[in-house]
Number of protein chains: 2
Amino acid sequence: MSGPKYAIIARDLKEKINKGIYSPGELIPSENELAGLYKVSRMTVRRSLSLLNNEGYTYSVPGKGYYVCEPQQHKYELSYNEASMPGIVPEATKLLDVNIVNSTKQLRLELQIDNEIKLIRIKRLFCSAKNPVAYDIKYIPYKRGEPIIEKEIRFANFPELVAQRNSLFTVNKELRIYCEKAKPEILELLQLGKEMPVVVIKQKFFDSSNKPLGLGFTYINPLRFSIQAYSFK
Amino acid sequence: MSGPKYAIIARDLKEKINKGIYSPGELIPSENELAGLYKVSRMTVRRSLSLLNNEGYTYSVPGKGYYVCEPQQHKYELSYNEASMPGIVPEATKLLDVNIVNSTKQLRLELQIDNEIKLIRIKRLFCSAKNPVAYDIKYIPYKRGEPIIEKEIRFANFPELVAQRNSLFTVNKELRIYCEKAKPEILELLQLGKEMPVVVIKQKFFDSSNKPLGLGFTYINPLRFSIQAYSFK
DNA sequence: TAGTGGTCTAGACCACTAG
DNA sequence: TAGTGGTCTAGACCACTAG
């Protein structure tokens, strides 16, 4: 019963949806009706309702009203940073290689670039105190004359590297997690037997017009891999 | 230059943040200043600013103003439904077992229940047209006298099963993805060799007061596993 | 035509910040 | 004390819906 009016009304309406008094697909009372019921101005009701809309309880249709949503059952929020996975010791990170390389056909396809564009390729090995945990390789289209500062690259994470040229607020990111039988050299770096698959986390970044900005693969010792996700709010 | 005033102002402010005209940690002009600059009422400016706040561009401190946020680099949105993973044919789902079982020590710990509480245990095998893809096991605390309808259970997903007693809007969900060397019986069901690790997706559901409502493990053939996640908006 | 949500205003009062 | 964001109001006009 405490807090501002708009919050009390929002709490009350959410409770009614949770109890099934208003069910998915149904209309809840109109803004004007609610303003009357709660004895507040229409703007205050609108504020409550925009909270419900933002939190996925309702959606509004002009001329009709506010409908109760079907609950989002399968959405989770995930936090991933390749450079700070559980067990990794930042100081033990090995920068294996930084180079300007030619693109391959696959990379040109992924990054949507022409033949003549070269790539900055960064290879790193993330380690725990004693053992290798993940092998990481990143590709970023190279712009001529751009300086490459090894010290920065060693500790920078992928978003930071890409953001040197783009606002991080506008970068769209895509993550794919899967397993595969890796090439022998990767298995060797991770000290894994021939039969073992590795977990691969593929990261792809895009600018606001969906032009690819960078591509990364992290190959993880499967028995060291773990990632967590949570429902919203 | 189109759309309502509040959207135009929000777009303009976001652009200024993207361009670095306003940088993370800095204050942007106050509501009153902006109202003057854009020649609109303070309420319209507030509407623009609440958009920026919601989208993670800014946060506001009463008495001080609106600060530009550090960009969220590592957040992704993930959609996961064990019953509709890529490659799985719903009709090929095998309901291996539904039973009321005693809890084990580990399950009592996970589900925070007493000795005498029994569990509904559901074992399923998700298959492609030809092969097993994932073995799935769920535990839900059993309430005496509750009917168990096999047909419903076979096709229901975990959120739906739990939601029979709780509003899906209020259920908090937790997902953990990792690899492990599975027990022989699981490897056999998935037709995997002894050396292969499996991907495990552990799901845990909680009510609004964080009391566990259900626990599930999905053991996936690693070479059939794939999951995608995207940055917000 | 009556009702719905969407946009916008000009004004009020509040608690909080910081000189 | 002047300025900040937070809350709330009563009213206006709009496009859209549906009888």
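Lettering follows sequence order; numbering is per chain, from 1. Please read these numbers as outputs of a predicted model, since none were measured by experiment.
Cation-pi geometry between A:Lys75 and A:Phe232 is not met at under 6.0 angstrom from the ring centre and within 45 degrees of the axis. Under a cutoff of 6.0 Å and an axis angle of 45°, B:Arg47 and B:Tyr6 form a cation-pi pair. Cation-pi check for B:Arg124 over B:Phe126 is not met; the charged atom does not lie both under 6.0 angstrom from the ring centroid and within 45 degrees of its normal.
Protein atom CG of B:Leu49 is 10 Å distant from nucleotide atom C1' of D:dG5, rounded to whole Å. The nearest whole Å value for the distance from the CZ atom in B:Arg46 to the C1' atom in C:dT7 is 16 Å. In this structure, the CD atom of B:Glu31 is 14 Å from the C1' atom of C:dC16, given to the nearest Å. Look at CG on A:Leu27: it is 10 Å from C1' on C:dT4, rounded to the nearest Å. In this structure, B:Tyr59 atom OH and D:dG6 atom C1' are separated by 17 Å, rounded to whole Å.
Nucleotide C:dT7 has D:dA12 as its partner under the Watson-Crick or G-U criteria, with both atom distances under 3.5 Å. Applying the Watson-Crick and G-U wobble criteria (two distances, each under 3.5 Å), D:dA18 pairs with C:dT1.
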Find every protein N or O atom lying less than 3.5 Å from an N or O atom of nucleotides 17-19 of chain C, and list the pairs.
{"unit_1": "C:dA18", "atom_1": "OP1", "unit_2": "B:Lys64", "atom_2": "NZ", "d": "2.9"}

Hey, what are the protein-to-nucleotides 8-10 of chain C N/O distances that come in under 3.5 Å?
{"unit_1": "C:dC8", "atom_1": "OP1", "unit_2": "B:Lys5", "atom_2": "N", "d": "2.5"}
{"unit_1": "C:dC8", "atom_1": "OP2", "unit_2": "B:Lys5", "atom_2": "N", "d": "3.3"}
{"unit_1": "C:dC8", "atom_1": "OP2", "unit_2": "B:Tyr6", "atom_2": "N", "d": "3.3"}
{"unit_1": "C:dC8", "atom_1": "O3'", "unit_2": "B:Lys5", "atom_2": "NZ", "d": "3.4"}
{"unit_1": "C:dT9", "atom_1": "OP1", "unit_2": "B:Lys5", "atom_2": "NZ", "d": "3.1"}
{"unit_1": "C:dT9", "atom_1": "OP2", "unit_2": "B:Ser41", "atom_2": "N", "d": "2.8"}
{"unit_1": "C:dT9", "atom_1": "OP2", "unit_2": "B:Ser41", "atom_2": "OG", "d": "3.0"}
{"unit_1": "C:dT9", "atom_1": "OP2", "unit_2": "B:Thr44", "atom_2": "OG1", "d": "2.5"}

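Side-chain nitrogen and oxygen atoms of B:Asn32 include none within less than 4.0 Å of the OP1 or OP2 phosphate oxygen of D:dG3. The phosphate of D:dT4 has OP1 or OP2 within less than 4.0 Å of a side-chain N or O from B:Ser30.
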Where do A:Tyr66 and A:Glu31 land on the side-chain hydrogen bond (donor to acceptor under 3.5 Å, both in side chains) test, with the steps shown first?
-> CA-CA 9 Å; A:Tyr66 288 78; A:Glu31 294 180 351; 2.8 Å; yes
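The CG atom of A:Leu49 sits 8.5 Å away from atom CD1 of A:Ile9, with the distance rounded to the nearest 0.5 Å. Atom-to-atom distance recorded for B:Ser103:OG and B:Leu111:CG is 8.5 Å, nearest 0.5 angstrom.
In this structure, B:Tyr76 has its ring center at least 6.0 angstrom away from the ring center of B:Tyr230. Remark: aromatic rings of B:Tyr67 and B:Tyr59 are close, center separation under 6.0 Å. Here A:Phe169 and B:Tyr57 bring their ring centres to under 6.0 angstrom of each other.
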